Participant: 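Starting off with a structure, shown below.
All values derive from a computational prediction rather than experimental measurement. The residues of the chain are indexed from 1 along the displayed sequence.
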Amino acid sequence: MQRAPRDVAPAKPVPSGPAAPAATAAVPQIQLIPASPGGALDAADEAVDLLLDSGRAPGDVLVVTTGAQHPWAEHELSFGEASYWAQHDAGDDVFCADAAIVSRAASRPVVVVAVNGGPASAAASALPLAHARAGALLIVCGDPQQINAVLGAGL
């Protein structure tokens with residue numbers, strides 16, 4: 001014997017209990033390497049070398065400068081901006097960017113900032129942007145007092 005189907009109202013969602021807390025974004029570890037403005041770029045390059053020697057993939061690293069451009073960036077920009085940004089988009093090598101354009105750079109697991117001069121506003125704007133782009137580690141090379149003043153106020 002076959003039964004006729006009943007008219008059944010669609011079930012309404014019922015809360016199953018308290019909502020799970022939203023996942024919080026990982027906060028990158030911050031390392032400070034004391035250096036003068038004249039030595040910050042060398043300190044940043046040494047930090048990158050140590051990262052690569054310890055097994056970090058080159059595409060995991062973004063280097064940001066607040067003063068003079070990194071020599072790699074100067075060289076690559078000599079071929080034009082399209083070629084320069086194509087290397088960024090490929091994501092298979094360390095990428096170097098000036099603080100003025102770091103907002104265009106994508107996030108990477110490690111960001112290394114060389115506070116190598118430039119106006120004070122360059123570090124003040126670059127450090128929070130670099131922090132936002134660093135997935136696991138932010139390394140800042142420069143004057144500890146200047147960096148702590150910016151990081152304390154901006155992060």
Side-chain angles (χ1 to χ4, degrees), residues 16-155:
S16 60
T24 56
V27 176
Q29 177 184 0
I30 300 173
Q31 292 182 358
L32 173 62
I33 299 175
S36 67
L41 192 56
D42 288 338
D45 282 343
E46 288 176 26
V48 170
D49 288 343
L50 287 172
L51 289 164
L52 298 177
D53 289 346
S54 69
R56 180 67 73 174
D60 286 354
V61 182
L62 170 66
V63 177
V64 178
T65 57
T66 63
Q69 288 253 13
H70 191 284
W72 177 90
E74 284 181 1
H75 173 76
E76 294 304 319
L77 281 165
S78 71
F79 299 107
E81 283 209 27
S83 173
Y84 173 74
W85 287 107
Q87 289 191 9
H88 168 270
D89 296 341
D92 56 1
D93 203 355
V94 174
F95 188 78
C96 301
D98 181 77
I101 61 170
V102 73
S103 63
R104 185 171 170 188
S107 296
R108 296 216 176 172
V110 180
V111 178
V112 180
V113 180
V115 183
N116 62 330
S121 62
S125 63
L127 289 173
L129 284 170
H131 185 257
R133 278 161 182 62
L137 178 61
L138 172 64
I139 300 173
V140 186
C141 307
D143 175 48
Q145 285 183 315
Q146 179 187 14
I147 293 164
N148 285 328
V150 172
L151 291 177
L155 303 178

Participant: What are the two closest heavy atoms between Ala40 and Ala114, and how far apart are they?
Facilitator: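 What the structure gives for the nearest pair is O-CB, 3.7 Å.
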
Participant: So Leu137 and Pro109, do their side chains get closer than 4.5 Å, heavy atoms only?
Facilitator: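 SC-SC contact between Pro109 and Leu137 ruled out.
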
Participant: Out of curiosity, Leu129 CG to Ile101 CD1, how far, rounded to the nearest 0.5 Å?
Facilitator: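 Separation between the atoms: 12.0 Å.
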
Participant: Kindly give the heavy-atom pair with the smallest separation between Pro128 and Ser125, and that separation in Å.
Facilitator: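 Distance-wise, the nearest heavy atoms are CD-O, 3.5 Å.
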
Participant: Find the distance between CG (Asp53) and CD (Glu46) and round it off to the nearest 0.5 Å.
Facilitator: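 With rounding to 0.5 Å, CG (Asp53) is 11.5 Å from CD (Glu46).
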
Participant: List the atom of Leu62, the atom of Ala105, and the distance in Å for their closest heavy-atom pair.
Facilitator: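 Nearest heavy atoms, Leu62 then Ala105: CD2-CB, 4.0 Å.
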
Participant: Val115 versus Val150: any side-chain heavy-atom pair under 4.5 Å?
Facilitator: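 The answer is no; the side chains never approach within 4.5 Å.
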
Participant: Using modelled atom types and a 3.5 Å cut-off, is there a donor and acceptor pairing between side-chain atoms of Thr66 and backbone atoms of Ala123?
Facilitator: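 Not confirmed, Thr66 side chain does not pair with Ala123 backbone.
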
Participant: Between Leu41 and Pro71, is any pair of side-chain heavy atoms under 4.5 Å apart?
Facilitator: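 Side-chain contact under 4.5 Å: yes.
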
Participant: Looking at Arg133 and Val102, what are the two nearest heavy atoms and their distance?
Facilitator: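 Arg133 and Val102 have their closest heavy atoms at NE-O, 3.2 Å.
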
Participant: Say whether, by atom type as modelled, one donor and one acceptor occur between the side chain of Asn116 and the main chain of Gly67 under 3.5 angstrom.
Facilitator: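 Checking the backbone N and O of Gly67 against the side chain of Asn116, a donor-acceptor pair under 3.5 Å is found.
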
Participant: Residues in salt bridge (Lys or Arg N to Asp or Glu O under 4.0 Å) with Asp60, at least two apart?
Facilitator: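 Listed in chain order: Arg56.
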
Participant: Do the side chain of Ser78 and the main chain of His75 share a donor and acceptor less than 3.5 angstrom apart?
Facilitator: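 Confirmed, Ser78 side chain pairs with His75 backbone.
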
Participant: Within the structure provided, determine whether Val113 and Leu127 are in side-chain contact (heavy-atom separation under 4.5 Å).
Facilitator: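 They are in side-chain contact.
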
Participant: Run the side chain to side chain donor-acceptor pair (under 3.5 Å) test against Gln87 and tell me which residues pass, sequence neighbours left out.
Facilitator: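 Gln87 satisfies side chain to side chain donor-acceptor pair (under 3.5 Å) with Glu76 only.
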
Participant: Would Ile33 and Val140 count as a side-chain contact (heavy atoms from CB on, under 4.5 Å) here? Give the steps.
Facilitator: CA-CA 6 Å; Ile33 299 175; Val140 186; over 6 Å; no

Participant: With Val112 as reference, evaluate Leu51, Val64, Thr65 under the side chain to side chain contact (heavy atoms under 4.5 Å, CB included) test and give the passing residue.
Facilitator: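 The residue from Leu51, Val64, Thr65 that satisfies side chain to side chain contact (heavy atoms under 4.5 Å, CB included) with Val112 turns out to be Leu51.
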
Participant: Report yes or no: does Ser54 contribute a side-chain atom to a donor-acceptor pair with the main-chain N or O of Leu50 at less than 3.5 Å?
Facilitator: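 Side chain of Ser54 to backbone of Leu50, a donor-acceptor pair under 3.5 Å: yes, one is there.
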
Participant: Counting N and O atoms only, with roles assigned by atom type, does the side chain of Arg108 sit under 3.5 Å from a partner on the main chain of Gly59, one being a donor and the other an acceptor?
Facilitator: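 Yes.
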
Participant: First locate atom NE2 of His131, then atom CG of Leu138, and finally report the distance between them rounded to the nearest 0.5 Å.
Facilitator: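 Here the rounded value is 6.0 Å.
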
Participant: Which atom names give the shortest non-hydrogen contact between Pro28 and Ala134, and what distance separates them?
Facilitator: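 Looks like CG-O, 3.3 Å.
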
Participant: Is the distance between the ring centroids of Trp85 and His88 less than 6.0 Å?
Facilitator: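 Yes.
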
Participant: Just by modelled atom types, is the Ala124 backbone N or O under 3.5 Å from a matching donor or acceptor in the Ser121 side chain?
Facilitator: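 Side chain of Ser121 to backbone of Ala124: no pair is present.
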
Participant: What's the spacing between Asp45 CG and Cys96 SG if we round to 0.5 Å?
Facilitator: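 Between Asp45 CG and Cys96 SG, I get 7.0 Å after rounding to 0.5 Å.
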
